[in-house]
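Computed from a predicted structure; not experimentally measured.
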Amino acid sequence: MSNIRIFVSHRIDIDSETVDTPVYFPVRCGAVYDEEGNSEIQGDDTGDNISKLRMSFCEFTVQYWAWKNADVNYYGLCHYRRYLSFSNKKFDQCSRGYIIENMLNDESIEKYGLNDYDNMAKQIKKYDLITGGSMNVDEMDFLFGGKRAHCIKDIFMIQEHLFDKSAPELTLKLVDELYPEYSKAAEEYMASKKYYAYNCFVMSKKIFNEYNKVLFDILFEFDKQFDTTGYEGNKLRATGYMGEIVYGVYMWYLQHHTDCK
């Protein structure tokens with residue numbers, strides 16, 4: 001049994017591919033709403049869970065389930081359509097910071113080293129944290145809500161088609177109130193051009209536990225205070241989007257304010 005687990009968030013309404021190795025552990029996100037109820041894939045609705053919050057917390061329900069119900073040395077998170085590459089080769093990325101493939105299959109699994117357990121374990125155990133590289137805001141050739149961002153704060157303040165400005169403002173206020181030791185990192189990150197997105201990572205148990213404590217304390221309080229009256233569709237995912245702010249702040253904090261490897 002591997003002491004490394006990368007939990008892969010799978011949608012309950014899509015029959016998506018899985019990677020059959022000791023490392024990857026697929027979990028159905030929002031499994032409490034799965035009417036079929038007979039999938040061979042583990043649901044996020046067992047043990048200590050927040051599966052019922054799937055519509056607002058998105059893949060963070062899977063991350064919470066892993067935090068509360070699994071005991072390993074290294075924890076990771078990926079998505080059914082988004083994986084970290086463990087290949088020793090470098091590949092061209094699009095302006096959104098990822099490598100585009102048509103599908104996940106035997107060929108792409110091999111190409112990106114997703115089935116090479118020995119190599120994955122060797123890389124993971126060298127570090128406290130592995131995460132996707134940051135994107136430079138100035139090199140991102142797409143618009144947010146019809147406007148161009150010039151720093152990280154802009155990205156979250158101009159996406160009014162998804163949430164209004166009060167959402168990121170409340171999130172940063174909660175960082176200051178609940179975890180003031182991260183306030184400086186939050187200020188620096190939001191003013192920077194280095195965008196950490198997609199919530200894909202592998203962390204040591206110690207860092208994973210610390211990160212989840214910060215993340216969920218902030219998100220639960222945000223969920224209580226933020227008024228979603230009149231919101232529908234993707235706008236109901238505001239809490240999940242704010243989790244991306246906390247993720248970026250934490251990545252910045254680890255890299256600029258600690259000796260994390």
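Between Lys261 and Asp128 there is no salt bridge, since no side-chain N of the basic residue sits under 4.0 Å from a carboxylate O of the acidic one.
Here OG of Ser16 is found 9.5 Å from CG of Asp13. Values are rounded to the nearest 0.5 Å. In this structure, CZ in Phe201 is found 4.0 Å from CD in Gln63, a value given to the nearest 0.5 Å. Expressed to the nearest 0.5 Å, how far CD of Gln225 lies from OG of Ser166 amounts to 11.0 Å.
With a 4.5 Å cut-off on side-chain heavy atoms, Arg54 and Glu59 do not count as touching.
Between Leu114 and the choices Leu104, Thr21, Asp20, the side chain to side chain contact (heavy atoms under 4.5 Å, CB included) rule is met once, by Leu104. Screening Lys184, Glu188, Glu181 for a side-chain hydrogen bond (donor to acceptor under 3.5 Å, both in side chains) involving His257 leaves a single residue, Glu188. Of the candidates Phe60, Phe226, Phe57, Phe57 is the only one forming a ring pair (Phe, Tyr, Trp, His ring centres under 6.0 Å) with Phe220.
Not less than 6.0 angstrom separates the ring centroid of Tyr211 from the ring centroid of Trp67. Between Tyr112 and Phe91, the ring centre distance stays below 6.0 Å.
No donor-acceptor pair under 3.5 Å is formed between the side chain of Ser108 and the backbone N or O of Glu101. Checked by atom type and distance alone, the side chain of Asp44 pairs as donor or acceptor with a backbone atom of Gly30 at under 3.5 Å. Under a 3.5 Å cut-off, the side chain of Lys52 and the backbone N or O of Val32 do not form any donor-acceptor pair.
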Exercise. Can you check side chain to side chain donor-acceptor pair (under 3.5 Å) on Tyr196 and Gln255, steps first, answer last?
Worked result: CA-CA 12 Å; Tyr196 290 97; Gln255 294 182 66; 3.2 Å; yes
For this session: Just do the side chain to side chain donor-acceptor pair (under 3.5 Å) check on Tyr195 and Asn136 with the steps written out, would you?
Result: CA-CA 6 Å; Tyr195 183 31; Asn136 186 322; over 6 Å; no
For this session: Please test Asn49 against Ser51 for side chain to side chain donor-acceptor pair (under 3.5 Å), starting from the C-alpha separation and ending with a verdict.
Result: CA-CA 6 Å; Asn49 73 86; Ser51 183; 4.7 Å; no
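In the hydrophobic clustering of ILVMFWY residues, with side-chain heavy atoms under 4.5 Å counting as a link, Tyr80 and Phe86 come out apart.
Looking at Ser183 and Asp176, their side chains do bring a donor and an acceptor atom within 3.5 Å of each other. For the residue pair Trp65 and Thr46, a side-chain donor N or O sits within less than 3.5 Å of a side-chain acceptor on the partner.
Classified by interplanar angle (parallel below 30°, tilted 30° to 60°, perpendicular above 60°), the ring pair Tyr75/Phe7 is parallel.
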